[in-house]
Amino acid sequence: MVHIRPIRADDGARLNEAYERLSPESKYRRFLGVKPRLTSSDTRYLVQVDGRDHVALVATPLDDPESIIAVARFIRSEQDSRAAEWAIVVGDPYQQEGLATALLERLARAAAERGITRFKATMLADNGPAHRLVRSLAPGATRERHLGTVDEIEVELAS
Ligand SMILES: CC(C)(COP(=O)(O)OP(=O)(O)OC[C@H]1O[C@@H](n2cnc3c(N)ncnc32)[C@H](O)[C@@H]1OP(=O)(O)O)[C@@H](O)C(=O)NCCC(=O)NCCS
């Protein structure tokens, strides 16, 4: 059982520890490249969200609230206030249990409440789980761009 809550400014150390625990493949898939660890400015940026244009949710085990096991976030587009880019990562031991689906549903609801109608994600073309996740978010209306090894997929959010 997990608890889902908004990220907090004091989550920096917890986020770094969560990142260190990820497998190289999960890190690569999250950041679309090699990124062994977060820099201090990455961490600052990732925890200091404004709750409106940048929203992040974390999951912690009910019996271990100090441990972050998954993070989902969206950042509103500067060019289009009704669109946002989202990203997600679930710790390797917790994958394939529906956690990303649950987090993404919550994230999409938070986005819709803030006037966002389109959700875009960038993922490796061979990232099967991420593609399945997008399909579960919006089975029908998607717009896709295939850019070599990377796919950009945009969905309309249910209002
Ligand atoms: C993508 C990711 C977030 C999915 O997390 P998760 O908690 O395992 O996802 P869920 O359990 O909610 O499953 C989502 C879908 O992916 C499928 N899936 C998950 N892991 C899978 C795997 N290893 N192989 C095949 N399908 C898989 C599930 O069956 C489900 O599909 P369905 O709804 O059609 O049944 C996770 O694999 C991850 O963190 N990967 C590394 C980072 C990343 O790729 N982020 C996405 C790009 S931003």
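In each ligand, atom 1 is the first atom listed, and ligand 1 is the first ligand listed. Because the structure is a prediction, the values reported are computed rather than measured. All values below come from the heavy atoms of this structure, side chains included, with hydrogens, waters and symmetry mates left out.
When atom types are taken as modelled, the side chain of Arg114 and the backbone of Ala110 share a donor-acceptor pair closer than 3.5 angstrom. Asp42 places a side-chain N or O within 3.5 Å of a backbone atom of Thr39 that can act as its donor or acceptor partner.
By the 6.0 Å contact criterion, CZ on Arg21 is enclosed, its count of non-hydrogen atoms from other residues, nucleotides or ligands being greater than 12.
Looking only at protein heavy atoms, the nearest one to atom 47 (C) of ligand 1 is Arg29 O, 3.9 Å. Regarding atom 39 (O) of ligand 1, its nearest protein heavy-atom neighbour is Val90 N, 2.7 Å. Closest protein heavy atom to atom 48 (S) of ligand 1: Ile88 N, 3.7 Å. At the top of the distance list for atom 33 (O) of ligand 1, counting protein heavy atoms only, stands Ser136 CB, 4.2 Å. Counting only heavy atoms of the protein, atom 15 (C) of ligand 1 lies nearest to Arg132 CB, 3.8 Å. The protein heavy atom nearest to atom 40 (N) of ligand 1 is Gln95 NE2, 3.9 Å.
A salt bridge links Arg8 to Asp10: at least one charged side-chain nitrogen sits closer than 4.0 Å to a carboxylate oxygen.
Checked against Glu154 for a salt bridge (charged side-chain N to carboxylate O under 4.0 Å, His left out), the options Lys120, Arg82, Arg118 give a single hit: Arg118.
Here is the list of ligand 1 atoms found below 4.0 Å of a heavy atom in Glu97: 11 (O). Taking a cut-off of under 4.0 Å to the non-hydrogen atoms of Leu133, the atoms of ligand 1 that pass are 14 (C). Remark: ligand 1 atoms within the under-4.0 Å shell around heavy atoms of Ser26 are 41 (C), 42 (C). Atoms of ligand 1 lying under 4.0 Å from any heavy atom of Thr101, numbered from 1 in the order shown and given with element: 10 (P), 12 (O), 13 (O), 14 (C). Atoms of ligand 1 found under 4.0 Å from any heavy atom of Val89, numbered from 1 in the order shown, are 39 (O), 42 (C).
Within the model, atoms CD1 of Ile116 and CH2 of Trp86 stand 13.5 Å from one another, a figure rounded to the nearest 0.5 Å. If you take CG on Leu15 and CG on Leu46, they are separated by 6.0 Å, rounding to the nearest 0.5 Å. Note that CG of Asn16 and OG1 of Thr43 are 3.5 Å apart. Values are rounded to the nearest 0.5 Å.
Of the options Ala70, Ser23, Ala100, the smallest heavy-atom separation from atom 5 (O) of ligand 1 is shown by Ala100. Relative to atom 25 (C) of ligand 1, the option among Ala59, Ala72, Pro129 with the closest non-hydrogen atom is Pro129.
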Let me see the working for Arg29 and Glu25 under salt bridge (charged side-chain N to carboxylate O under 4.0 Å, His left out), right down to the final yes or no.
CA-CA 6 Å; Arg29 286 182 154 183; Glu25 187 186 22; 3.6 Å; yes

Carefully, step by step, assess Lys27 and Arg37 under the rule side-chain contact (heavy atoms from CB on, under 4.5 Å).
CA-CA 9 Å; Lys27 290 178 180 175; Arg37 57 192 56 85; 5.7 Å; no

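Counting heavy atoms under 4.0 Å from ligand 1, residue Asn127 touches it through the side chain alone. By the criterion of a heavy-atom distance under 4.0 Å, neither the backbone nor the side chain of Glu25 is placed next to ligand 1.
Considering both main-chain and side-chain atoms, Gln96 comes within under 3.5 Å of ligand 1 through a nitrogen or oxygen pair.
Look at Gly98 and you'll find a heavy atom under 4.0 Å from some atom of ligand 1.
Considering only heavy atoms from C-beta on, Arg73 comes within 4.5 Å of Val49 through its side chain.
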